[in-house]
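All values below were derived from every heavy atom in this structure, side-chain atoms included, with hydrogens, water molecules and symmetry-related copies excluded.
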Amino acid sequence: MSTAATHLVPDTPLAFALATAGRLDRLRIYHGGNRTVDARWGGLRLPERPYAVYTHDRALRTHDVALDFDGKRGDPEKDAAQASSLLGRAGIWHVLCSSGGGGFHVLTTFSPGLPKETVADLAAGFGALAPSLDPSPLADHWTAAIRPPLSPHRSGGQSRVRQPATEAEALRVLRFPNPNASAGRVLALLPRVAPKVPTTPTPASPDLTARYERPASARTMELLRSGDMDHRYRTGSEAEFAVVLGLIDAGWSEARIREAFADPGNLGCPSYQRRLREGAGRADQYLSRQIRKADDFARAYPPAKLTVDPGLAAVVAAAEAWHPGGRTGAADRAVLLAHVRAAVQAGSRTYGLAWRTAAEWSGAVKRERIRASESRLRAAGWVAPDGGTTEEGARRWVVTSPEWGGEKRAQSLMPPNGGEGGGAGARWGPGPGHPLWHPRALGPGVRETLGTLDDGGRPLAAIARATGHDRKTVRAHLRRLADLGLAAQTPAGWVATGRSLDDALGELPPDAQTAAQRQRERHQRERAAWRARKGTG
């Protein structure tokens with residue numbers, strides 16, 4: 001999206017948006033009056049304007065049951081409190097927020113997502129219970145949306161968490177969705193609505209499953225599969241409680257935990273399996289008590305806060321600003337953004353990414369194309385294998401920003417003629433790390449235009465198609481290049497003159513030269529730090 005952003009790393013507003021959204025490819029942005037725009041998102045950054053996330057996934061399953069109580073329709077605070085009390089009686093995890101515009105939101109997430117029939121019954125039941133309910137976020141349409149916690153309101157103010165007590169607890173509630181079957185408990189308490197729960201399970205959305213049900217730690221899985229071999233716990237129930245707590249910390253749903261405990265190949269849950277042989281009812285009651293106890297313990301003593309790599313913001317900004325030319329440029333950029341998205345979700349520049357996930361996020365369909373793009377990104381210094389795989393079998397990677405790749409990467413980005421003028425093989429553009437392309441000098445857009453020129457001459461229309469810019473913008477770029485002697489117009493079209501970039505930099509105004517020189521010094525410091533970390537300095 002073209003909207004300027006302030007959130008470049010997974011901060012609290014972005015974390016709430018990711019936890020609330022049913023889909024990560026689109027975002028609704030407010031543009032004044034009653035006008036909203038549906039914009040591309042990708043789950044990487046948030047706009048400065050007021051925004052809302054869509055509650056449905058692509059299959060129109062409702063991931064976020066958003067109860068929006070509007071002050072224009074009645075008493076929103078009273079209705080929100082009543083809805084929150086009802087959800088609490090049904091054992092449904094939820095979050096209560098003040099919307100910032102006088103209304104209230106009650107948000108609860110479900111996995112893998114409720115079908116439209118169940119959502120329609122919930123909307124009818126809560127509508128009969130609360131006159132101030134706005135049913136639009138529960139509509140059976142892909143445009144159904146809600147503002148997540150901490151998001152700005154178009155009339156001023158900001159959505160604030162009222163329940164639970166802290167934002168960290170609220171984020172945890174939204175990140176651990178309720179199972180679909182639990183919606184029946186809510187419907188049973190609502191007026192004039194008969195319980196209607198789907199009889200067949202709905203397939204899980206790949207995006208939501210990957211985000212909410214993560215692989216548990218190696219210690220938890222070993223305890224689940226092999227039992228308490230080291231006799232660290234006094235009783236079998238304590239060992240089972242440790243397993244349940246580890247699975248809850250990993251975001252597993254109650255249904256997923258019950259499925260793992262029922263597997264006879266897992267030796268770490270003998271108490272549950274003994275009760276299961278006596279009857280499913282006793283086993284389910286026992287496991288439900290363990291899950292409630294583990295959940296209360298996890299809320300009182302949450303796991304250590306995820307630390308975010310401080311260099312991740314620079315990587316995100318650099319990757320989103322990168323627009324390579326050439327036949328494979330668009331595909332390479334899409335694959336790079338898939339790697340960046342995996343790094344953002346992991347909160348670190350070291351992460352795991354399977355080729356199937358990269359294919360889904362980038363739009364590629366063949367493994368060979370993913371591997372070819374990753375090979376080119378490795379040669380350019382964007383990504384590098386970290387060695388080994390994650391617990392789920394995904395390959396481990398490291399992503400880095402363009403200026404941190406050292407001299408080897410800078411040379412690999414140069415065109416065949418040394419990077420001073422372009423050339424037919426300048427797939428990555430002429431010298432992206434050169435200070436001449438600083439935004440206060442010529443800028444990256446002019447670099448892209450120069451990277452499309454060759455010695456044979458290219459007409460204006462061909463340059464516009466290669467860069468993706470309109471002709472007016474390309475013409476302005478060419479004029480700036482011609483003023484500095486970097487490009488010239490011939491009867492056959494525009495050509496690169498091959499003039500040194502350093503010589504052209506010397507003709508810029510003093511303020512542009514100062515900004516470019518500061519960028520060059522910063523790049524040198526970062527390269528020196530990178531070489532020191534790698535032990536090559």
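- Looking at Glu368 and Arg371, no side-chain N of the basic residue comes within less than 4.0 Å of a carboxylate O on the acidic one, giving no salt bridge.
- Side-chain atoms of Thr109 and Thr20, non-hydrogen and from C-beta on, never get closer than 4.5 Å to each other.
- Contact annotation: the side chain of Leu484 never approaches that of Arg480 to less than 4.5 Å [non-hydrogen atoms, C-beta and beyond].
- Nearest heavy-atom pair, Ala343 versus Val399, reported as atom, atom and distance to 0.1 Å: CB-CG1, 3.9 Å.
- Screening Val53, Leu138, Ile146, Leu114 against Asp64 for a side chain to side chain contact (heavy atoms under 4.5 Å, CB included) leaves a single residue, Ile146.
- Between Leu67 and Leu133 there is a side-chain heavy-atom pair separated by less than 4.5 Å.
- Val119 places none of its side-chain heavy atoms less than 4.5 Å from the side chain of Asp140.
- More than 12 heavy atoms of other residues, nucleotides or ligands lie within 6.0 Å of CZ in Arg396, so this atom counts as buried by the packing criterion.
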Determine, stepwise, if the pair Leu442 / Leu481 fulfils side chain to side chain contact (heavy atoms under 4.5 Å, CB included). CA-CA 9 Å; Leu442 290 185; Leu481 292 170; 4.3 Å; yes
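- Between Leu46 and Tyr51, some side-chain heavy-atom pair lies under the 4.5 Å cut-off.
- Because its NZ or CZ atom is both nearer than 6.0 Å to the ring centre of Trp397 and within 45° of the ring axis, Arg395 counts as a cation-pi partner of that residue.
- With rounding to the nearest 0.5 angstrom, the CD1 atom of Ile29 is 11.0 Å from the CD atom of Glu48.
- Residues Arg61 and Lys116 fail the side-chain proximity criterion, which asks for heavy atoms closer than 4.5 Å.
- With 3.5 Å as the limit, one finds a donor-acceptor pair spanning the side chains of His56 and Thr62.
- Between His63 and Tyr54, the distance from one ring center to the other does not fall under 6.0 angstrom.
- The backbone N or O of Thr143 lies less than 3.5 Å from a partner atom in the side chain of Arg28, making a donor-acceptor pair.
- Separating the CZ atom in Phe69 from the OG atom in Ser99 is a distance of 11.5 Å, to the nearest 0.5 Å.
- A donor-acceptor pair is defined here as one N or O able to donate and one able to accept, closer than 3.5 Å; such a pair exists between the side chain of Thr497 and the backbone of Gly485.
- Of the possible donor and acceptor atoms, none in the side chain of Arg147 sits under 3.5 Å from a partner among the backbone N and O of Pro50.
- Residues Pro76 and Gly102 share a closest heavy-atom pair of CG-O, 3.6 Å.
- A donor-acceptor contact shorter than 3.5 Å links the side chain of Gln158 to the backbone of Leu150.
- In terms of heavy-atom proximity, Ala52 sits nearest to Leu27 at O-CD1, 3.5 Å.
- Atom OG1 of Thr449 is separated from atom CZ of Arg475 by 12.0 Å, given to the nearest 0.5 angstrom.
- To the nearest 0.5 Å, atom CD1 of residue Ile370 and atom OG of residue Ser375 are 13.0 Å apart.
- To the nearest 0.5 Å, atoms CZ (Arg367) and CH2 (Trp355) are separated by 6.0 Å.
- Using modelled atom types, one finds a donor on one side chain and an acceptor on the other under 3.5 Å when comparing Ser373 with Asp332.
- Of all non-hydrogen atoms in Leu336 and Trp322, the two that sit nearest each other are CD2-CE3, 3.4 Å.
- Closest of all the heavy-atom pairs between Ser151 and Pro148 is OG-O, 2.6 Å.
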Test Arg378 against Trp382 for side chain to side chain contact (heavy atoms under 4.5 Å, CB included), laying out the working first. CA-CA 6 Å; Arg378 290 175 60 182; Trp382 280 100; over 6 Å; no
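- Nearest heavy-atom pair, Leu353 versus Ala342, reported as atom, atom and distance to 0.1 Å: CD1-CB, 4.0 Å.
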Quick one: do Cys97 and Val161 satisfy side chain to side chain contact (heavy atoms under 4.5 Å, CB included)? Show the steps, please. CA-CA 4 Å; Cys97 300; Val161 174; 4.2 Å; yes
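- Side chains of Leu478 and Val446 form no contact here, defined as non-hydrogen atoms less than 4.5 Å apart.
- Salt-bridge annotation for Asp38 and Arg26: present, with a side-chain N of the basic residue lying under 4.0 Å from a carboxylate O of the acidic one.
- Distance check, rounded to the nearest 0.5 Å: NE2 of His105 to OG of Ser159 gives 6.5 Å.
- Between Gln489 and Trp494 there is a side-chain heavy-atom pair separated by less than 4.5 Å.
- If you check the side chains of His94 and Thr108, you find no donor sitting under 3.5 Å from an acceptor.
- Looking at Thr166, its side chain does come within 3.5 Å of a backbone N or O of Glu169 through a donor-acceptor pair.
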Walk me through it: do His339 and Glu374 pass the test side chain to side chain contact (heavy atoms under 4.5 Å, CB included)? CA-CA 10 Å; His339 279 260; Glu374 288 176 343; 3.0 Å; yes
